[in-house]
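Notes for the one structure printed next.
Because the structure is a prediction, the values reported are computed rather than measured. So that the names make sense, note that chain A is the first sequence line, chain B the second, and so on, each numbered from 1.
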Amino acid sequence: MIIFDIEKNLNSHNNLSVLKIALEIPAGSITKIYGPSGAGKTTLLKVIAGLSKPEKGRITVNNTIWLDTANTISISPQERKVGFVFQHYALFPNMTVQQHLSFAANDETWIKELLAIGKLESFADQKPEYLSGGQQQRLAILRALATKPTLLLMDEPFSALDPDMKTELIRELQILWKKQGTTVFIVSHNPQELAGIFDQEILIESPCR
Amino acid sequence: MDLSPILLTLKLAAITTVLLLLIGLPIAWWLSKSRSIFKLIIEAIITMPLVLPPSVLGFYLLLAFSPQHGIGKWLRDVFDIQLVFSFPGLILASVIYSLPFMIGPIKSALQQLSPSLAQASYTLGKNERQTFFHVLLPNIRASVLTAATLTFAHTLGEFGVVLMIGGNIPGVTRVASIAVYDAVENQDYTAANLYSLILFGITFITVISVFVFNKYKAKSPLE
């Protein structure tokens with residue numbers, strides 16, 4: 001079970017607004033987070049991952065406290081070790097596809113399996129600048145999966161994929177997530193996207209001012 | 001012709017560049033990470049040699065490391081080290097004088113990298129040191145090369161600081177720029193011209209090599 005109750009100030013165009021959200025999410029489920037731009041969807045993922053600190057809040061993942069501002073507890077992103085798919089991929093320009101995965105995991109068999117899932121076997125020696133947008137996005141997903149995270153946070157992860165590739169990849173990912181018991185949060189700005197895939201959805205509306 | 005000033009200059013520039021790489025990389029990284037008043041003050045101090053007359057910097061270094069006072073006296077009494085009018089003193093002065101040339105380009109390059117690169121590395125369980133060496137540093141190679149070259153070239157041309165702290169001891173502190181000045185003072189224009197031509201040639205080759213290496217990375221080595 002993932003329980004969070006956070007309050008985070010959002011700064012945009014000199015306006016101060018506050019993201020307030022409290023939820024309980026069953027472990028092993030897929031949650032879609034959607035809402036308008038600037039509502040704080042990405043910020044929420046970063047707070048969960050430990051990449052951004054909220055003003056107030058508490059996050060508990062499978063009975064382990066990750067954050068408790070009242071008791072000044074905040075474990076590092078390295079200890080939380082969530083899988084994170086960044087909206088703009090955040091690929092390492094100096095590393096090939098293979099090196100991205102080896103940097104995250106030391107298991108050759110697992111890396112081969114990931115390359116097959118992302119259909120990137122023949123691009124293993126390519127650096128991101130030589131990959132298409134869709135291939136870069138798949139690599140970002142594979143890198144996040146490489147550590148076999150219990151919690152996977154994905155920020156607009158399928159936006160650059162063509163419909164066929166997207167359907168096939170999601171099917172394979174669902175099998176993998178079920179096998180590994182991964183809890184998944186997927187941010188999307190499109191309310192219609194991912195229909196039939198998620199177990200619950202969260203609407204983040206424009207934050208309070 | 002005595003080539004020892006040229007060799008001494010090259011030795012000084014090489015040692016200064018290596019030392020500044022070791023010192024400058026962690027400082028630039030630290031400065032690039034966040035802004036605080038303390039960091040701004042440190043950054044201002046590091047930048048001072050860019051705008052301060054070299055003779056002023058040299059004068060204060062001469063005072064600070066004079067064996068008669070303060071740090072200089074302590075270094076002589078405890079470690080039997082004398083920095084004034086010695087080659088190690090020249091190295092120290094050059095490191096301080098060229099600090100902004102090493103730190104500036106590296107800090108700017110680190111700040112231009114997307115923060116999500118480091119964040120992605122953290123989520124993979126990598127600590128800050130691993131992230132710096134495996135993710136950040138390889139992606140600012142062109143800027144590190146630029147910084148190292150600027151530092152090397154700047155050290156080649158030092159005059160005021162090295163004259164103040166090192167004096168003009170042949171084979172010990174008499175670098176090429178001082179040899180040029182000395183030759184002109186003695187009206188030996190042939191020697192002055194030769195030293196100047198060699199310095200010009202080395203500096204030109206150094207700077208043009210950065211343009212060539214960074215051809216695809218930056219429009220100018222100063223970017």
| message | How about CE on Met165(A), more than 12 heavy atoms from neighbouring residues, nucleotides or ligands closer than 6.0 Å, or not? | response | yes

| Geometric cation-pi criterion, Arg143(A) with Phe92(A): 6.0 Å, 45° | yes

| Is there side-chain contact between Ile202(A) and Ile21(A), with heavy atoms separated by less than 4.5 Å? | yes

| task | Examine whether an atom of Leu91(A) lies under 4.5 Å from a heavy atom of chain B, and if so say whether it belongs to the side chain, the backbone or both; otherwise answer neither. | result | backbone

| said: Does Lys166(A) form a side chain to side chain contact (heavy atoms under 4.5 Å, CB included) with Ser159(A)? I'd like the steps, not just the answer. | reply: CA-CA 9 Å; Lys166(A) 183 172 160 181; Ser159(A) 57; over 6 Å; no

| note | Against chain A, residues from residues 111-130 of chain B with at least one heavy atom under 4.5 Å, in numeric order, are Ser116(B), Leu117(B), Gln119(B), Ala120(B), Ser121(B), Tyr122(B), Thr123(B), Leu124(B), Gly125(B), Lys126(B), Asn127(B), Glu128(B)

| Using non-hydrogen atoms and a limit below 4.5 Å, what part of residues 18-30 of chain B faces chain A? | none

| message | Sub-4.5 Å heavy-atom contacts with chain B: which residues of residues 44-70 of chain A show up? | response | Lys46(A), Leu51(A)

| query | Quick one: do the Glu158(B) and Ser94(B) side chains pair a donor with an acceptor below 3.5 Å? | reply | yes

| Check against ring pair (Phe, Tyr, Trp, His ring centres under 6.0 Å), Tyr97(B) and His154(B) | CA-CA 9 Å; Tyr97(B) 189 47; His154(B) 187 242; 4.7 Å; yes

| Is the shortest heavy-atom distance from the side chain of Leu137(B) to the side chain of Arg141(B) under 4.5 Å? | no

| Can you pull out the residues in residues 98-135 of chain A with any heavy atom less than 4.5 Å from chain B? | Phe103(A), Ala104(A)

| said: Heavy-atom count check: over 12 atoms from other residues, nucleotides or ligands less than 6.0 Å from Ile37(B) CD1? | reply: no

| Are the side chains of Tyr195(B) and Pro5(B) in touch, meaning some heavy atoms are under 4.5 Å apart? | yes

| Phe87(B) atom CZ: more than 12 heavy-atom contacts under 6.0 Å | yes

